Trainee: 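Can you read through this structure? Questions will come right after.
Below, chains carry the letters A, B, ... as their sequence lines are ordered, and counting in each starts from 1. Treat the numbers as computed from the prediction; the structure is a model and nothing was measured.
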Amino acid sequence: MRLSRYFLPILRETPKEAEIVSHRLMLRAGMMRQEAAGIYAFLPLGLRVLQKVCAIVREEQDRSGAIEMLMPTIQSADLWRESGRYDAYGKEMLRIKDRHEREMLYGPTNEEMITEIFRAYVRSYKDLPLNLYHIQWKFRDEVRPRFGLMRGREFLMKDAYSFDLDQDRARHAYNRMFIAYLRTFARMGLKAVPMVAETGPIGGNLSHEFIVLASTGESEVFCHKDYLDFEVPGENVDFEDVAGLRTLVDKWTSLYAATSEKHEAAAFAKLPADKQISARGIEVGHIFYFGTKYSEPMRAVVTGPDGTEHVIHMGSYGIGPSRLVAAIIEASHDDAGIVWPEAVAPFKVAILNLKQGDGATDAACEKLYAALQAKGADVLYHDLDERPGSKFATADLIGVPWQILVGPKGLAARQVEVKRRSDGSREMMAPDAALARLA
RNA sequence: CGGGGCAUAGCGCAGCCUGGUAGCGCAUCUGCUUUGGGAGCAGAGGGUCGCAGGUUCAAAUCCUGCUGCCCCGACCA
C-alpha cells in the first residue's frame, strides 16, 4: 500500500478524552474514531489489525473442531422469553421495537438463538458433538462505557456454543476450547492466564476467564507466577484425545489463579512469596460450561443410544477481538507508539523514502516496494513528501514491526537500513538482503 | 445510577469573571528554500462559539432548560 493512496489520519496531538494508552494510541494512529459513547468506527489501519486478530481466532477455532456460521445482530424478544432472560437481563440489553411494534433486541449474546437453531435440526446423539461459533457485533448498554475499545458498548465477539450428550462429553468440549484459547492468545503475542471466574448471568458452574496482565486492566487478579512460563500446546495437539486434553487442562489449572470475585486470600497466601502475583488484568476470553440451563427450558433434546430423550449439555465460549486489539496495545507499546507483534501487525514492513523526489531514492524504494509486494508481504510504502523525522515518527507510532529506511546516504554505499520496531535495532544491508530478510 | 467536569476551526487550547460582532499553536492550501528523528520564510482558506429559550441597543460572555462527551464511584460474560 502506498501511503499517498491510503487513508491514515494520524493525529499529532492526543485527543483529550483518551486516558489509557491503547485508546490514545488507537486514536493517534488513525485506527478508529468514536461515533458515540462506547461506539467506534474502525478506520482502515484498525480494521487490518482487527482482521488479523479474527483470522487467528478462526484458525484456532477451526483447528479445535468448531464450525463457523453467522447469526444476526437483531433478535426477537420472544426467544429470550423462552429462557427467562428477557426480564432477567436488565438495562444492559438494548431493546427496540420494529414498525409493527414487535419487541426486538440488539443481541448481547446468542445462547437462545443458537439453542433454537440446534433444536430445529438436531435429533440424534449421532450428530454430536457439535460446536458452532460466529464472529459478530454485540451490544451491551453499559452504564458507563470507558477506556475506548476496552469497555465499549458495541464490540466484536467470537462466541462458540458446544452441544453434547452428557456432562462428561461437555467437559471435553470445554477442554477443547480451553486449549484453543491458550493457543489463540499466545499466537497474538499475549500471555493469558486462565483464572477461576464467576459465571454471572450466563449461569453454570464451570468457568474460566483468560486474563492478560496489564496495569490498566479493569479487574484485580491473583495468580501463581509459574503460569507465565508454562508451555502453550503446539499446533499438533490432538483435540480428539480426551485424556490428553484433560492432562493439559489439569496442568493449566493446577496452580492458584483467580479473579477478585473468586479470590481466596488464605489459599493465595500459602504460595511462596516470590510466586505470588497480585496484579491487574484484562479479560480477553471467557469460557463456561452451563449444562442444561438453556436446553432444558427451550427443549433442546436428542435421542440417545438408549432410545430415550436426553437434554443437551451446553457450554459457551467468548473472545472479544475488538477488545483484544486494545489489549495487545496495552501489552506492547513504548513512548513512540504501538509495537505490534508480527502476527497481528497491520503491515509487516514499512518502506520510508527519506528523500522523496530524489531520482535514485525513489527508484530504489519503488523497486523494493514492488519486490516485497510480489512476494506477498504486507508492505506500506511511505511515499509522501515529508521530512525524514516525520516519517520516522509516523512509522514508530503505527508500530509496523520492520522499517526499511531508504535514503541517499545509504544508497551511496548501495545500502538501506533495516530497523526493527520492537527493540530499535538497526542494520545496514543491500536492498536484496533486506528483501530476502523480510519477504 | 450517585458525584465532579467539559463543550469556541480538523486536533490542542485562550477569550467568559468585568457583554461591543472571535484569537493562538499544530494541521490544511499556494509559492520558494529545505530533506537521516515531527523544517524555514511568505501568503491563504476554514468557526450558526453544542442546541433552544430569556435578559439587553448589543450575548461566546449573563440567566433558564436541554443534549452530547469525559473522569471518579457503583455496575460489568
Side-chain angles (χ1 to χ4, degrees), chain A residues 9-20 23-24 27-28 30 33-39 85 89-93 107-111 138 140-148 150-153 155 157-161 195 197-204 206-211 217-220 259-262 282-290 293 315-320 323 335-337 352-358 361-362 382 384-397 403-413 415-417 419 424 426 428:
Chain A
I10 298 281
L11 301 181
R12 204 159 152 172
E13 286 172 277
T14 303
K16 64 175 175 181
E17 73 267 18
E19 289 286 313
I20 66 166
H23 192 192
R24 215 157 53 217
L27 291 172
R28 289 236 294 130
R33 175 173 180 79
Q34 178 166 325
E35 293 299 335
I39 299 178
R85 279 209 296 180
Y89 216 93
K91 288 189 170 179
E92 267 198 4
M93 184 155 71
T109 176
N110 286 67
E111 278 83 6
K138 303 282 191 295
R140 287 180 200 163
D141 200 359
E142 301 280 352
V143 216
R144 190 185 158 209
R146 62 182 115 175
F147 304 147
M150 206 77 103
R151 179 99 180 270
R153 291 194 292 172
F155 54 95
M157 185 176 207
K158 184 287 302 182
D159 38 328
Y161 303 90
M195 302 197 181
E198 283 286 355
T199 53
I202 297 287
L206 178 59
S207 174
H208 286 90
E209 284 183 22
F210 287 75
I211 302 278
E218 78 254 84
S219 40
E220 205 177 0
T259 60
S260 56
E261 304 88 52
K262 285 284 189 179
I282 302 168
E283 177 191 349
V284 291
H286 202 154
I287 60 178
F288 298 87
Y289 161 73
F290 50 72
K293 181 179 166 83
S316 73
Y317 315 90
I319 291 180
R323 168 182 282 197
D335 290 344
L352 308 192
N353 184 334
L354 300 184
K355 190 166 184 179
Q356 204 74 41
D358 176 82
T361 311
D362 288 355
H382 197 324
L384 299 179
D385 186 17
E386 286 178 11
R387 314 261 311 179
S390 165
K391 295 194 177 189
F392 296 141
T394 296
D396 286 348
L397 174 63
Q403 299 170 15
I404 307 180
L405 317 186
V406 183
K409 283 187 191 170
L411 287 177
Q415 304 263 294
V416 296
E417 186 169 1
K419 175 185 163 184
R426 304 140 176 277
M428 298 297 297

Trainee: With sugar-phosphate meaning primed atoms plus P, OP1 and OP2, does A:Gly410 contact a base, only sugar-phosphate, or nothing at under 4.0 Å between heavy atoms?
Mentor: base

Trainee: B:rA14 and B:rU8: how far apart are their C1' atoms, nearest whole angstrom?
Mentor: 10 Å

Trainee: Distance criterion of 3.5 Å, no angle test: do you see the side chain of A:Arg426 paired donor-to-acceptor with the base of B:rG37?
Mentor: yes

Trainee: For RNA chain B, whose closest nucleotide is more 5', that of A:Pro108 or that of A:Asp385?
Mentor: A:Asp385

Trainee: CD of A:Glu13 versus P of B:rA27: gap in Å, rounded?
Mentor: 9 Å

Trainee: What interatomic distance, in whole Å, is found between P of B:rG2 and the corresponding atom of B:rA39?
Mentor: 49 Å

Trainee: Any strand counts, and the cut-off is 3.5 Å on both contacts for Watson-Crick or G-U wobble. Which nucleotide pairs with B:rG12?
Mentor: B:rC24

Trainee: Could you work out the separation of B:rU21 and B:rU56 based on their C1' atoms and round it to a whole Å?
Mentor: 15 Å

Trainee: Using atom CZ of A:Arg24 as one end and atom P of B:rG12 as the other, report the distance to the nearest whole Å.
Mentor: 14 Å

Trainee: Classify the nucleic acid contact of A:Asp159 as base, sugar-phosphate or nothing, counting any heavy atom under 4.0 Å across all strands shown.
Mentor: nothing

Trainee: Measure from the side-chain heavy atoms of A:Leu405 and tell me the nearest of B:rG36, B:rA27, B:rC71.
Mentor: B:rG36

Trainee: Using purine N1 to pyrimidine N3 plus N6-O4 or O6-N4 for Watson-Crick, or N1-O2 and O6-N3 for G-U wobble, both under 3.5 Å, which nucleotide pairs with B:rG2?
Mentor: B:rC72

Trainee: I need the CD-C1' distance between A:Gln34 and B:rG10, as an integer number of Å.
Mentor: 16 Å

Trainee: Can you tell me the pairing partner of B:rU30 across any strand shown, Watson-Crick or G-U wobble, with both distances under 3.5 angstrom?
Mentor: B:rA42

Trainee: Can you tell me the Watson-Crick or wobble partner of B:rA60, both distances under 3.5 angstrom?
Mentor: none

Trainee: Watson-Crick or G-U wobble partner for B:rA7, using a 3.5 Å limit on both distances?
Mentor: B:rU67

Trainee: Quick one: CD1 on A:Ile287 to CG on A:Leu206, what's the gap to the nearest 0.5 Å?
Mentor: 7.0 Å

Trainee: What is the distance from CZ of A:Arg387 to C1' of B:rU33, rounded to the nearest Å?
Mentor: 10 Å

Trainee: Verify, without hydrogens or angle tests, whether A:Arg140 (side chain) and A:Met93 (backbone) share a donor-acceptor contact under 3.5 angstrom.
Mentor: no

Trainee: Under a 3.5 Å cut-off for both contacts, is B:rU55 paired Watson-Crick or G-U wobble with anything, and if yes, with which nucleotide?
Mentor: none

Trainee: Any side-chain to backbone donor/acceptor pair from A:Asp362 onto A:Gly357? Under 3.5 Å, distance only.
Mentor: yes

Trainee: Is A:Arg323 salt-bridged to A:Glu218, going by a charged N under 4.0 Å from an acidic O?
Mentor: yes

Trainee: Take atom NZ of A:Lys16 and atom P of B:rG5, then tell me their distance rounded to the nearest Å.
Mentor: 14 Å

Trainee: Between A:Gln403 (CD) and B:rG38 (C1'), how many Å, whole number?
Mentor: 14 Å

Trainee: Would you mind classifying the nucleic acid contact of A:Glu218 as base, sugar-phosphate or nothing, using non-hydrogen atoms under 4.0 angstrom?
Mentor: nothing

Trainee: Out of B:rG36, B:rC76, B:rG38, which nucleotide sits closest to the side chain of A:Arg151?
Mentor: B:rC76

Trainee: Return the set of residues passing salt bridge (charged side-chain N to carboxylate O under 4.0 Å, His left out) with A:Lys355 (not counting sequence neighbours), or none when no residue passes.
Mentor: none

Trainee: Whom does B:rU18 pair with, Watson-Crick or G-U wobble, provided both distances fall under 3.5 Å?
Mentor: none

Trainee: Measure NZ/A:Lys419 against C1'/B:rG37 and give the value in whole Å, please.
Mentor: 9 Å

Trainee: OP1, OP2 of B:rC75 versus side-chain N and O of A:Arg144: anything below 4.0 Å?
Mentor: no

Trainee: Tell me which one of A:Arg151, A:Arg153, A:Lys91 satisfies salt bridge (charged side-chain N to carboxylate O under 4.0 Å, His left out) with A:Glu142.
Mentor: A:Arg151

Trainee: Whole Å only: how far is the CD atom of A:Glu17 from the C1' atom of B:rC13?
Mentor: 15 Å

